[in-house]
Amino acid sequence: MTHDSPKNDSECGSARRASREWWLYVALLCVPLLAVYLHIPPPQLSPALNSWRTSGHFFTFRGNNIFYKESFGVVGSSDVLLLLHGFPTSSYDWYKIWDSLTQRFNRVIALDFLGFGFSHKPRPHRYSIFEQASVVEALVTHLGLSEQRINILSHDYGDTVALELLYRSDHNRSGHITINSLCLSNGGIFPETHYPRFLQKVLKDSGFISPVFTLEHPEWEDVFGPYTQPTEAEFWDMWTGIRFNDGNLVMDSILQYINQRLKHRERWVGTLTSTSTPLHMIYGPLDPVNPHPEFIQLYQKLVQRSTVSVLDEHVSHYPQLEDPTGFFNAYLSFINSF
């Protein structure tokens, strides 16, 4: 039998004290940073972003104002298109193809999910994909489109919301949307091929100190291709949409969708593989979040009824912003094919 020496006990005690002192220093640093940050006003809306907001509307969902934008396009057509944006941005992600879409559809609708963009961002709040799907259903009802067959075009986070809507539609759940077609794009729908950015992992697990990690606008360069980078003004529009209504303070709660994707994989991937709804995937292959060829090979293996459009090799995670012409043409080919 061996006994720890007094020297070892002393070393362990010193290590524990050092650890406690380190966390104390972190807390002392974070508290004033957090206090200052909570009083930093959000950036002002750019003229383009303000124009997007003023051209939209709001409806109320469970006491929260939800922003949406709607345009009427082609006369004589009854086709309706619903756009679902990704994390952490907003409906403004669709602005580069908005006018083109209105030339094909009678009604084009996009919303900011709860906690995103110009919508309310309640806190504390348990954000979930299920609730966001209910927000979408409430919007469709609000617009008087409950009996209408809806085409859905989604991206990233919106892909998972779309899969929950598809599940409800295929299982004839009360209040469900009748989905005419579904087109996904660069969403981490398979947990096993999804690689969140470092900041996403930090924010997801950092709890109350998450605002400290968002003192500046995020470095999004790595989710855009080297030749498809947004301008600095476009980056700031993204960041302004996050900061609006203190959205940076709810990012840790919203990011729990990563865990929800894993927990409910069978539900969402299962409905994707079993549905009879026309499906399409538009994919930017330089995406570090859903990397090529791992992601697209798994998609084609599991979702054999779906067609796929792989865009230019330089296009990354935001294909509708990086290659709006290629993205729109790919979607137009799909929607005109049935």
Side-chain angles (χ1 to χ4, degrees), residues 58-68 70 78-87 91 105 107-116 119-120 122 125-185 187-191 253-254 256-281 299 302-306 334-335 338:
F58 290 88
F59 81 103
T60 302
F61 175 82
R62 299 176 184 170
N64 294 293
N65 288 337
I66 303 298
F67 174 85
Y68 70 95
E70 179 183 25
S78 61
D79 290 349
V80 177
L81 176 63
L82 179 62
L83 304 169
L84 306 179
H85 67 81
F87 175 90
S91 58
F105 292 90
R107 295 174 77 171
V108 179
I109 304 157
L111 79 158
D112 290 348
F113 291 124
L114 184 67
F116 293 78
S119 293
H120 272 177
H125 187 81
R126 183 170 293 180
Y127 291 88
S128 77
I129 295 297
F130 298 100
E131 182 179 43
Q132 304 289 18
S134 296
V135 170
V136 175
E137 291 174 337
L139 173 61
V140 170
T141 299
H142 172 77
L143 295 174
L145 295 171
S146 298
E147 304 302 319
Q148 179 77 39
R149 297 184 67 84
I150 306 291
N151 299 286
I152 296 178
L153 173 57
S154 60
H155 171 244
D156 184 61
Y157 179 90
D159 282 7
T160 304
V161 178
L163 292 183
E164 173 57 22
L165 291 168
L166 184 64
Y167 178 90
R168 297 181 187 187
S169 179
D170 285 358
H171 291 79
N172 202 29
R173 294 295 177 89
S174 176
H176 74 274
I177 295 173
T178 302
I179 299 176
N180 189 55
S181 70
L182 172 58
C183 179
L184 310 168
S185 58
I189 53 178
F190 306 123
S253 299
I254 292 174
Q256 300 311 309
Y257 78 86
I258 295 174
N259 298 331
Q260 293 164 23
R261 279 175 172 168
L262 181 61
K263 181 177 180 179
H264 303 288
R265 183 193 186 281
E266 183 176 348
R267 177 186 180 98
W268 293 329
V269 175
T271 198
L272 184 62
T273 60
S274 63
T275 188
S276 59
T277 298
L279 296 172
H280 191 65
M281 168 66 73
Y299 182 85
L302 296 180
V303 196
Q304 297 181 5
R305 289 189 60 260
S306 175
F334 163 63
I335 207 70
F338 59 92

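Closest approach of Leu163 and Leu272 over heavy atoms only: CD2-CD1, 3.8 Å. Of all heavy-atom pairs between Arg168 and Ser134, the closest is NH1-OG, 3.2 Å. Between Ser119 and Leu114, the shortest heavy-atom distance links the atoms CB-CA, 4.4 Å. Scanning all heavy atoms of the two residues, the minimum distance from Ile109 to Glu70 falls at CG1-CG, 3.9 Å. Residues Asn65 and Phe58 approach most closely at CB-CD2, 4.0 Å, considering heavy atoms. Contact detail for Val269 and Ile189: the closest heavy-atom pair is CG2-O, 3.6 Å.
Atoms CG and CD1, on Asn151 and Ile179 in that order, are 10.0 Å from each other to the nearest 0.5 Å. Between atom CD of residue Gln260 and atom CD1 of residue Ile129 there is a gap of 5.5 Å, rounded to the nearest 0.5 Å. Taking CG of Leu165 as the reference point, atom CG of Leu82 lies at 8.0 Å (rounded to 0.5 Å). Atom CG of residue Leu81 and atom CG of residue Leu153 lie 5.5 Å apart, to the nearest 0.5 angstrom. For the atom pair CD of Glu147 and OG1 of Thr178, the computed distance is 7.0 Å after rounding to the nearest 0.5 Å. With values rounded to the nearest 0.5 angstrom, His155 atom NE2 is found 12.0 Å from Leu84 atom CG.
For Ser91 (side chain) and Ala110 (main-chain N/O), no donor-acceptor pair under 3.5 Å exists by modelled atom type. Under the 3.5 Å distance criterion, the side-chain polar atoms of His176 are matched with a main-chain donor or acceptor of Arg173. A donor-acceptor distance shorter than 3.5 angstrom exists from the side chain of Asp159 to the backbone of Ser185, with no hydrogens or angles considered. Listed for the Arg267 side chain is no donor-acceptor partner under 3.5 Å among the backbone atoms of Tyr167. The closest donor-acceptor contact from the side chain of Ser169 to the backbone of Ile177 lies under 3.5 Å. Of the possible donor and acceptor atoms, none in the side chain of Arg265 sits under 3.5 Å from a partner among the backbone N and O of Pro191. In this structure, Arg261 contributes its side chain and Thr160 its backbone to no donor-acceptor pair below 3.5 Å. The backbone N or O of Gln304 sits nowhere less than 3.5 Å from a side-chain atom of Tyr299 that would complete a donor-acceptor pair. When atom types are taken as modelled, the side chain of Thr273 and the backbone of Gly270 share a donor-acceptor pair closer than 3.5 angstrom.
Comment: Arg126 does not engage Glu131 in a salt bridge, judged by the lack of any side-chain N to carboxylate O separation of less than 4.0 angstrom.
Taking the six-membered ring where the residue is Trp, Tyr157 and Tyr257 present perpendicular rings, their angle passing 60° and hence far from 30°. Relative orientation of the Phe130 and Trp268 rings is tilted, given thresholds of 30° and 60° on the angle between their planes. Aromatic ring pairs are classed by plane angle as parallel below 30°, tilted from 30° to 60° and perpendicular above 60°; the pair Phe113 and Phe116 is perpendicular.
In this structure, the side chains of Leu302 and Phe190 come closer than 4.5 Å at one or more pairs of heavy atoms. Taking 4.5 Å as the limit, some side-chain heavy atom of Ser78 sits within range of a side-chain heavy atom of Gln148. Contact check for Tyr68 versus His142: side-chain heavy atoms found under the 4.5 Å cut-off. Side-chain contact between Pro278 and Leu182 is absent, with no heavy atoms from C-beta onward closer than 4.5 Å. Inter-residue side-chain proximity for Val135 and Leu139 is flagged as unmet; no heavy-atom pair is nearer than 4.5 Å. Annotation: side chain of Leu111 is not in contact with side chain of Phe67 (no heavy-atom distance under 4.5 Å).
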- prompt: Given Ile152 and Ser181, is the side chain to side chain contact (heavy atoms under 4.5 Å, CB included) satisfied, shown in steps?
  reply: CA-CA 6 Å; Ile152 296 178; Ser181 70; over 6 Å; no
